[in-house]
Amino acid sequence: MTKGLCISVNSCGRATVDWSSNSTVRSENSPVIEKIVRYFLLFNLHLKKNKKKHNERRRDPGGVRSGCQLTRQCGPIVLDGFRNASKAVECKGNHWDVVTEYDRRVEQVLIGGLSRRFPDHRMLGEESTTEAASKEPLDGRPTWIIDPIDGTNNFVRGVKYIAISVALVVDGRLTVGIVSNPCLDEFYTAVRGQGARLNGEPIRTSGVEEGDPAAHR
């Protein structure tokens, strides 16, 4: 008679193991086998999570897509703060060096999202990175450099010239740059070797050489 091993898992994650002979003979569950099955299920779940992360990286090898998605997510946060006339403002030392809760919220979204997608990358954020850590030299890890609201003084005073600024450094070279001004609906991206874009459309410099008299007309 042919024996078979039947494994089933209920809604609570409990594994049930049945030995059968032509689906007629059944025996009590073996605690050892049940433990093995649980380990197998956990390992399988771990493989699936790693496969998902691998697929995300393969679709977004340079981090451009992830950086852009997260930066766009922060646009409504910045607009909400920009329109809030009663937002709390703190001084970080000098009277001109200020920070708001919106700076911190934007940085949390960016660093949290990028860290989950790229756990081996280094994160340098203006508001959360300590002064000592910010002075450490760049190492071999890809490093994200984040200014959650570039131009906080303008932000506080209701001047629209502000930006969410994000950069990625790989092997000591700037590789990706993202600058978003949600107040003016401007979204700039630049990738090394691929040029720059504004709201998805290619942009370039004027071509005027330095010292060209035409530049002063």
Side-chain angles (χ1 to χ4, degrees), residues 49-82 102-129 133-152 154-155 159-212 214-215:
K49 287 183 177 179
N50 281 346
K51 183 178 180 180
K52 182 179 179 181
K53 289 181 179 179
H54 174 73
N55 288 337
E56 285 181 355
R57 291 190 182 190
R58 188 170 60 182
R59 289 193 298 268
D60 187 20
V64 180
R65 181 183 300 177
S66 298
C68 287
Q69 287 176 344
L70 290 164
T71 301
R72 291 186 189 280
Q73 280 182 227
C74 295
I77 299 174
V78 173
L79 286 175
D80 180 53
F82 186 79
Y102 296 95
D103 295 77
R104 296 190 177 102
R105 285 173 59 188
V106 169
E107 188 164 296
Q108 287 172 359
V109 170
L110 290 170
I111 291 181
L114 290 170
S115 295
R116 284 191 294 272
R117 299 182 192 190
F118 307 103
D120 55 337
H121 287 198
R122 182 183 179 190
M123 304 290 160
L124 292 177
E126 183 181 9
E127 310 306 336
S128 61
T129 304
S134 66
K135 292 180 179 179
E136 292 178 4
L138 297 176
D139 52 28
R141 291 174 294 171
T143 301
W144 292 91
I145 302 172
I146 297 165
D147 188 344
I149 299 181
D150 193 359
T152 304
N154 282 350
F155 178 72
V159 179
K160 293 183 177 182
Y161 298 106
I162 59 177
I164 305 167
S165 298
V166 180
L168 174 62
V169 177
V170 179
D171 294 328
R173 304 177 72 193
L174 282 169
T175 303
V176 175
I178 303 169
V179 177
S180 171
N181 184 341
C183 297
L184 299 177
D185 195 25
E186 294 177 345
F187 197 94
Y188 294 86
T189 57
V191 181
R192 180 175 291 276
Q194 300 180 29
R197 294 176 178 270
L198 168 58
N199 296 337
E201 296 297 324
I203 56 176
R204 60 181 177 82
T205 58
S206 65
V208 176
E209 297 291 337
E210 185 177 355
D212 189 334

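Since this is a predicted model, take the numbers as computed values, not measurements.
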Practice prompt. Heavy atoms only: give me the nearest S180-T71 pair and the separation to one decimal.
Written response: CB-CG2, 3.7 Å

Fill in: Flag, side chain of S66 to backbone of G63, donor-acceptor distance under 3.5 Å
no

Worksheet item: Which pair of non-hydrogen atoms, one from I77 and one from Y102, has the smallest distance, and what is that distance?
Response: O-CD2, 3.5 Å

Determine all donor-acceptor pairs shorter than 3.5 Å in which one atom belongs to a side chain in residues 190-204; sequence neighbours excluded.
from : atom 1 : to   : atom 2 : distance (Å)
R192 : NE     : L174 : O      : 2.9
R192 : NH2    : L174 : O      : 3.0
R197 : NH1    : G200 : O      : 2.8
N199 : OD1    : F187 : N      : 2.8
N199 : ND2    : D185 : O      : 3.2

Worksheet item: Does H121 reach the side chain of W144, with side-chain heavy atoms less than 4.5 Å apart?
Response: yes

Response to the item:
Sorted by chain and residue number, the side-chain hydrogen bond (donor to acceptor under 3.5 Å, both in side chains) partners of Q69 (sequence neighbours excluded) come out as R117

Worksheet item: Residues two or more places apart in sequence or in another chain: which of them pass side-chain hydrogen bond (donor to acceptor under 3.5 Å, both in side chains) with R72?
Response: none

Item to complete: For L79, check side chain to side chain contact (heavy atoms under 4.5 Å, CB included) against everything at least two apart and list the hits.
Response: R83, P182, C183

Item to complete: Mind checking the CZ-NZ spacing from F155 to K160? Nearest 0.5 Å is all I need.
Response: 14.0 Å

Discussion item. Please find the pair of heavy atoms, one from S165 and one from D150, that lie closest to each other, and give the distance.
Written reply: OG-OD2, 3.4 Å

Anything under 3.5 Å between a donor and an acceptor, one on a side chain of residues 104-111, the other on a protein residue two or more places apart or in another chain? List them.
from : atom 1 : to   : atom 2 : distance (Å)
R104 : NH1    : E90  : OE2    : 3.4
R104 : NH2    : E90  : OE1    : 3.2
E107 : OE1    : E126 : N      : 3.1
E107 : OE1    : E127 : N      : 2.9
E107 : OE2    : E127 : N      : 3.3
E107 : OE2    : S128 : N      : 2.6
E107 : OE2    : S128 : OG     : 2.5

Discussion item. For V64 versus I178, what's the shortest heavy-atom pair and its separation?
Written reply: O-CD1, 4.4 Å

Fill in: Reported CG-to-CZ distance for the pair D171 and R173, which is rounded to 0.5 angstrom
8.5 Å

Item to complete: Kindly indicate whether the side chain of L70, heavy atoms from C-beta on, has any atom under 4.5 Å from the side chain of L114.
Response: yes

Discussion item. Under a 3.5 Å distance rule, please check whether N154 uses its side chain to pair with a backbone N or O of Y161 as donor and acceptor.
Written reply: yes

Worksheet item: Got a sec, which residues hit side-chain hydrogen bond (donor to acceptor under 3.5 Å, both in side chains) with T189, two or more places apart in sequence or on another chain?
Response: none

Worksheet item: Is a side-chain N or O of N181 found less than 3.5 angstrom from the main chain of I162, in a donor-acceptor match?
Response: yes

Worksheet item: Could you walk me through whether I164 and V78 pass the side-chain contact (heavy atoms from CB on, under 4.5 Å) check?
Response: CA-CA 9 Å; I164 305 167; V78 173; 3.8 Å; yes

Worksheet entry | Shortest non-hydrogen contact from P142 toward L168 | CB-CD1, 4.2 Å

